[in-house]
Structures are given as structure tokens and as C-alpha cells.
Amino acid sequence: DAEITQSPRHKITETGRQVTLACHQTWNHNNMFWYRQDLGHGLRLIHYSYGVQDTNKGEVSDGYSVSRSNTEDLPLTLESAASSQTSVYFCASSSPGQGAFFGQGTRLTVV
Amino acid sequence: RKEVEQDPGPFNVPEGATVAFNCTYSNSASQSFFWYRQDCRKEPKLLMSVYSSGNEDGRFTAQLNRASQYISLLIRDSKLSDSATYLCVVNGRDDKIIFGKGTRLHILP
């Protein structure tokens, strides 16, 4: 069965370190998205991609970057982790006009 | 105006009752609409798509009103297991998926 997986599921890192969160989907979807979720803020869009070599900034993109070298993967990089980036991160993929499917999330703690 | 707005709740509803949520969206060019369910900060899961003609899935009915730019979700005969946060989702013409902040529902025994 097709799926979308995120790794790691939990991560603790120190302030200032570079961190990369992985997202891999086997749906063959062109559209992929990264969200963060904090209490009181709901899901906020960080970056998204409509296909290979395409990336776009979402509403909270500062301090994050993504790259799309193939259809299956959209890794999210925190260039220099900050305590404000402690959050739950969700990756999703979709086909045009269709609902999105989500990974199980990565809980990131920056200490 | 926010792109997608929902009443955050919580809605505290006795088991067996009917409950309805509304969600408004600002972009009249939006193409596709969905309701998602999210439990305890687990990943959101697609509950149902929303069509102008209205659609039903068991105890759940969804409706889209393009003229007034809102979508609704009706849950009949609510169960304890319906307790969750319900997220309104809108796809724009650019396929960007925008989530509302969600409406919390508590079904009371």
C-alpha cells in the first residue's frame, strides 16, 4: 500500500545545530507540504513543492529550507535550530484537487 | 481576513445529539474543500470531501455554499469516539492546501 513516512519520529537537538527531517511518500504525488503545529496555532504551512526542483515558501518559512530532488522525498532542514522551532512537524502529499495524506509527524525539541 | 476560519470551540455535546460546524474561506477561487479529523496532535486524517451538491457518509453530512463561501459539517447521533478536532481544509487554484485551526468537539457520556 502507498504511504507517507516521516523520520525521525522524535528528535532532541541543541540550539544552533542543523537538523534535517525526512519525508518519503510512495503515492507518486507531485504535491508535498511541510506544516508545523503548536498549541493555539493549528497547522501552519512552512514550505511546499509541486514537483521535482520546485519549492515555495509558506507562511512560516524563516529558518527552514527544503529541496526536491525526486518525487518521493521532501526533506525539511532547520539551518540553525532555535527553541522557537520546538514543535510537531507534519509532512503531507496530495494530487491536484485531492485531499492530502499525512505522515505520522516528528516531535522536535530544541534545547 | 484569514484564509480559512473556524470556531475553535470547544463544543461540548451529549452523546446522541446532533452537532454542526461551519467554516468560512476568503478566496472565492478556491477549488476543493475537505473536512479532516485530528486526534490528540496525531496526524490529521481525511474525513470527507465537500461538494456543492452536499454529500453524506453515514452519520456525517458535508455541504458547500460557494455564494457565501462557507462549508459545513453535520454529525448526527454523535458517539463518544467522535471526540476530536475537526479541521476545515481548502485547496486553492494553485493547489496550496490551507487548514483552518480546527474546532474541538467533546462528546459527553
Side-chain angles (χ1 to χ4, degrees), chain A residues 2-7 9-10 21 23 25 27 29-51 54-61 66 68 74 86-109, chain B residues 1-10 21 23-27 29-52 55 57 60 62 64 66 71 73 84-105:
Chain A
E3 60 180 3
I4 178 167
T5 55
Q6 293 182 233
S7 61
R9 294 291 308 280
H10 302 270
L21 309 183
C23 176
Q25 54 100 2
W27 292 98
H29 288 159
N30 283 327
N31 300 345
M32 294 185 73
F33 307 84
W34 272 104
Y35 297 88
R36 63 177 287 176
Q37 188 172 38
D38 307 289
L39 287 174
H41 287 279
L43 284 157
R44 293 187 290 175
L45 184 61
I46 305 172
H47 281 286
Y48 56 104
S49 168
Y50 293 142
D54 176 76
T55 61
N56 306 279
K57 293 181 178 181
E59 61 178 305
V60 291
S61 61
V66 293
R68 188 87 181 270
L74 186 70
T86 293
S87 188
V88 178
Y89 292 85
F90 289 107
C91 178
S93 71
S94 74
S95 287
Q98 303 299 309
F101 295 94
F102 281 80
Q104 291 180 294
T106 295
R107 294 185 181 272
L108 177 68
T109 302
Chain B
R1 182 181 174 185
K2 293 181 180 177
E3 292 187 80
V4 180
E5 291 198 75
Q6 296 182 249
D7 182 341
F21 313 132
C23 161
T24 59
Y25 60 95
S26 61
N27 187 349
S30 297
Q31 298 284 298
S32 309
F33 308 88
F34 307 91
W35 282 103
Y36 278 70
R37 170 191 171 128
Q38 187 175 26
D39 296 282
C40 292
R41 297 184 82 194
K42 293 186 178 180
E43 75 273 23
K45 293 186 177 178
L46 180 63
L47 182 65
M48 57 197 304
S49 302
V50 187
Y51 305 112
S52 297
N55 49 299
D57 183 1
F60 297 81
L64 165 64
R66 284 192 181 271
I71 69 174
L73 177 68
T85 296
Y86 290 84
L87 305 169
C88 169
V89 178
V90 174
N91 277 24
R93 193 184 296 273
D94 59 0
D95 258 344
K96 191 166 64 173
I97 300 176
I98 304 298
F99 283 79
K101 287 190 177 182
T103 297
R104 286 176 294 149
L105 173 64

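The sequence lines fix the lettering, A, B, ..., with proteins before strands; numbering per chain opens at 1. All heavy atoms count here, side chains included; hydrogens, waters and symmetry mates do not.
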K.L.:
Would you say A:D54 and A:N56 are linked by a side-chain donor-acceptor pair, where the criterion is simply a distance under 3.5 Å?
P.N.:
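A:N56 vs A:D54: donor-acceptor pair found between side chains.
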K.L.:
Looking at B:S32, B:P8, B:P44, B:S49, which has the largest count of heavy-atom pairs under 4.5 Å with chain A?
P.N.:
B:P44
K.L.:
Tell me, out of A:S94, A:G103, A:S95, who's got the most heavy-atom pairs with chain B below 4.5 Å.
P.N.:
A:G103
K.L.:
Heavy-atom distances under 4.5 Å only: say whether B:Y36 touches chain A with side chain, backbone, both or neither.
P.N.:
side chain
K.L.:
Quick one: of A:Y48, A:F33, A:Y50, who has the most non-hydrogen atom pairs under 4.5 Å with chain B?
P.N.:
A:Y50
K.L.:
Donor-acceptor check, side chain of A:E59 to backbone of A:R44, threshold 3.5 angstrom: yes or no?
P.N.:
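Side chain of A:E59 to backbone of A:R44, a donor-acceptor pair under 3.5 Å: no, none is there.
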K.L.:
What closest approach, in Å, do A:Q104 and A:F90 show between heavy atoms, and which atom pair accounts for it?
P.N.:
O-CE2, 3.8 Å
K.L.:
Can you tell me how far the NZ atom of B:K101 sits from the CG atom of B:D7, to the nearest 0.5 Å?
P.N.:
12.5 Å
